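Heads up, the thing below is written out as structure tokens.
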2 protein chains.
Amino acid sequence: MQKEHNLSKNQKIIFDLIDKSGGPMKAYSILFNVQKKGIKAPLQVYRALDKLVEIGKIHKIESRNAFIACQNSSCQVSKATAFSICESCENVSEISNSKLSKYLSNFSDNSGMKYNKYNLEFFGLCKKCKSK
Amino acid sequence: MQKEHNLSKNQKIIFDLIDKSGGPMKAYSILFNVQKKGIKAPLQVYRALDKLVEIGKIHKIESRNAFIACQNSSCQVSKATAFSICESCENVSEISNSKLSKYLSNFSDNSGMKYNKYNLEFFGLCKKCKSK
DNA sequence: TAACGTTATGTAATAATATAACATTTATAA
DNA sequence: TTATAAATGTTATATTATTACATAACGTTA
Ligand SMILES: [Zn+2]
Ligand SMILES: [Zn+2]
Ligand SMILES: [Zn+2]
Ligand SMILES: [Zn+2]
């Protein structure tokens with residue numbers, strides 16, 4: 001069961017933009033695209049992004065400083081994320097693999113750390129880029 | 001067998017600083033610390049960092065925009081990295097777990113992606129911070 | 001050594017990413 | 001309603017990273 005979050009005005013504008021784009025978007029590119037809707041300052045964008053990340057509607061691709069809509073309907077919070085990133089065309093997709101997520105969610109070692117979140121980024125070449 | 005890289009002057013200064021610090025360091029903190037050694041501009045730092053990452057002497061902690069000396073003598077290149085990060089004290093350590101690295105290095109799915117690199121960051125509370 | 005290509009350095013300017021501080025408004029719920 | 005939390009608006013600024021161009025040092029081979 002996914003909690004329904006009523007997005008605020010700015011949050012909705014920004015989520016819709018990212019979601020429709022189908023890929024990762026950078027904060028200032030988002031800003032540029034929503035200026036016609038009245039969102040004029042970086043902070044307005046970053047605040048909405050923070051909230052959307054917090055509730056799991058989007059995730060941050062750390063290695064790219066970019067944000068992508070969650071492609072996995074069950075992500076309630078951004079606490080167990082895995083992505084595949086093509087280093088040639090920069091296509092990004094969220095990996096949804098229950099064996100992988102189980103393995104990582106259950107991971108523990110003898111360091112004494114109590115893990116409660118992870119983010120994994122795989123890099124390589126996508127199908128298209130491989131064949132070039 | 002690890003290839004011996006002869007570090008250049010700036011690379012050596014910057015690697016030694018990071019290595020001695022024992023933890024992650026940020027680029028501008030590095031810059032501040034090496035100014036007395038004649039490294040005066042951000043670009044000099046970033047160029048050395050790029051090279052050190054490339055040859056696996058340091059790794060970038062993407063979620064923190066920080067750089068840490070490789071704690072795993074066998075990392076020749078930064079292509080299979082895993083870290084544990086305490087969200088309270090920001091202590092970072094490199095995870096060296098052969099089962100984990102085998103599992104991730106062999107990971108593949110039906111997306112058609114050919115993976116050749118990954119970076120994994122675990123977040124949680126370290127021993128000390130848990131007991132506070 | 002001399003010539004060549006590669007790697008590293010120096011320097012200035014600027015781009016890209018992100019947050020601080022403060023005032024105000026809107027939504028939520030007791 | 002009234003209190004509280006959440007979201008917004010705005011300006012300024014901090015932090016992280018790259019472009020562009022010139023010069024120097026290094027490694028290889030003729
Ligand atoms: Zn997701
Ligand atoms: Zn591709
Ligand atoms: Zn390493
Ligand atoms: Zn800690």
Side-chain angles (χ1 to χ4, degrees), chain A residues 3-18 21 23-68 77-78 87 90 92 119 121, chain B residues 3-18 21 23-68 77-78 87 90 92 119 121:
Chain A
K3 182 168 178 232
E4 190 52 46
H5 283 280
N6 297 312
L7 300 183
S8 72
K9 176 171 139 281
N10 289 359
Q11 288 158 16
K12 185 158 182 3
I13 290 170
I14 286 172
F15 174 72
D16 286 346
L17 174 68
I18 299 173
S21 86
M25 290 194 75
K26 314 201 108 199
Y28 278 74
S29 155
I30 292 168
L31 175 57
F32 178 82
N33 277 278
V34 296
Q35 276 177 331
K36 47 183 165 291
K37 305 233 179 188
I39 295 174
K40 287 180 283 191
L43 191 48
Q44 294 176 289
V45 173
Y46 281 105
R47 282 195 287 223
L49 291 173
D50 284 351
K51 184 67 183 185
L52 292 167
V53 166
E54 187 191 321
I55 64 179
K57 299 282 287 181
I58 66 173
H59 306 298
K60 183 172 187 182
I61 309 299
E62 293 287 358
S63 65
R64 298 299 187 261
N65 297 319
F67 300 84
I68 193 168
V77 291
S78 301
E87 290 185 298
E90 295 294 326
V92 173
N119 178 55
E121 298 180 1
Chain B
K3 181 166 177 229
E4 190 51 49
H5 282 281
N6 297 312
L7 300 184
S8 72
K9 175 172 140 282
N10 289 0
Q11 287 158 17
K12 187 162 182 357
I13 291 170
I14 287 172
F15 174 73
D16 287 346
L17 175 68
I18 300 173
S21 87
M25 290 193 76
K26 314 201 105 197
Y28 278 74
S29 154
I30 293 168
L31 175 59
F32 178 82
N33 277 277
V34 296
Q35 277 178 331
K36 46 184 168 291
K37 304 231 179 189
I39 294 174
K40 287 180 285 191
L43 188 50
Q44 295 176 289
V45 173
Y46 281 105
R47 282 196 286 223
L49 290 173
D50 284 351
K51 185 66 183 186
L52 291 167
V53 166
E54 186 192 322
I55 64 178
K57 299 281 286 182
I58 66 173
H59 305 298
K60 183 171 186 180
I61 309 299
E62 293 287 357
S63 65
R64 298 299 186 261
N65 297 320
F67 299 85
I68 193 168
V77 291
S78 301
E87 289 184 298
E90 293 295 326
V92 173
N119 179 56
E121 298 181 1

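Everything numeric in this text was worked out from a predicted model, so none of it was measured. Residue numbering restarts at 1 for every chain, and letters A, B, ... go by the order of the sequence lines.
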List the atom of [X], the atom of [Y], and the distance in Å for their closest heavy-atom pair.
X	Y	value
B/Q44	B/K40	OE1-N, 2.8 Å
A/E87	A/E90	O-OE2, 3.8 Å
A/N119	A/E121	ND2-OE2, 3.2 Å
A/A27	A/V45	O-CG1, 3.8 Å

Scan nucleotides 11-23 of chain C nucleotide by nucleotide, 5' to 3', and note B when protein non-hydrogen atoms come under 4.0 Å of the base, S if they reach only the sugar-phosphate, - if neither.
BB----BBBBB--
Taking side chain to side chain contact (heavy atoms under 4.5 Å, CB included) as the test, write out the residues that go with [X], two or more places apart.
X	result
A/K12	A/L7, A/D16
B/S8	B/Q11
A/L17	A/M25, A/I30, A/N33, A/V34

I want to check something: taking the side chain as every heavy atom from C-beta on, are A/P24 and A/R64 in contact at a cut-off of under 4.5 Å?
no
Is the closest side-chain heavy-atom distance between A/K60 and A/N65 below 4.5 Å?
yes
Bend across the helix from C/dT1-D/dA30 to C/dA30-D/dT1, to 10°, with axes taken over 5 pairs at each end?
40°
Between [X] and [N], is there a side-chain N or O to OP1/OP2 distance below 4.0 Å?
X	N	value
B/K12	C/dA8	no
A/S8	D/dA6	no
B/K51	C/dT9	no

Interatomic distance, A/Q35 CD vs D/dT10 C1' [rounded to whole Å]
14 Å
Rounded to whole Å, please give me the gap between NZ in B/K37 and C1' in C/dT9.
17 Å
If you restrict it to nitrogen or oxygen atoms, what contacts under 3.5 Å exist between nucleotides 24-30 of chain C and the protein, and what is each distance?
none

Passing option when A/K57 is tested against A/I18, A/I14, A/L52 for side-chain contact (heavy atoms from CB on, under 4.5 Å):
A/L52
